[in-house]
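In what follows, a single structure is set out as structure tokens and then discussed.
Model, not experiment: these values are computed from the prediction. Values reported hereafter were calculated over all heavy atoms of this structure, with side chains retained and with hydrogens, waters and symmetry mates removed.
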Amino acid sequence: PEAPHEAGLLRLAIDRAVARLGWRPVWDFPRTVERTARWYQAVSEERLTARAACEADLDAFCADASGLGLFA
């Protein structure tokens, strides 16, 4: 009962980052969900280790960011 209150539902909004920093996401929501599902499937089926799956996602993310001119 004395613990700090935490919201039952947390909502993230990128509005301030976009407006103040000019930030934009590399992956949209559907792409992010797709990559997450692929990660879990590859690891659970033992086609990849968790580390290898993370590295594959990082490579894909960096390639997509580079394609948008956000990452060299």
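From F61, atom CZ reaches atom OG of S66 across 11.5 Å, with rounding to the nearest 0.5 Å. Note: W27 CH2 to L68 CG = 11.5 Å, rounded to the nearest 0.5 Å. Interatomic distance, CG of L70 versus SG of C62, reported as 11.0 Å (0.5 Å rounding).
Here V18 sits in one hydrophobic cluster together with I14, L21, W23; the rule is ILVMFWY side chains under 4.5 Å apart, joined directly or through other members.
Here the side chain of T36 pairs a donor or acceptor atom with the backbone of T32 at under 3.5 angstrom.
Among residues two or more places apart in sequence or in another chain, the ring pair (Phe, Tyr, Trp, His ring centres under 6.0 Å) test is passed with Y40 by none.
Judged as a salt bridge (charged side-chain N to carboxylate O under 4.0 Å, His left out), the pairs with a partner in residues 14-36 (not counting sequence neighbours) are, in order, R31-E34, R31-D64, E34-R38, R35-D57.
Taking a 6.0 Å sphere around CD of E45, one finds it holds more than 12 heavy atoms contributed by other residues, nucleotides or ligands.
Contact between A53 and V43 at its shortest, heavy atoms only, is CB-CG2, 3.8 Å.
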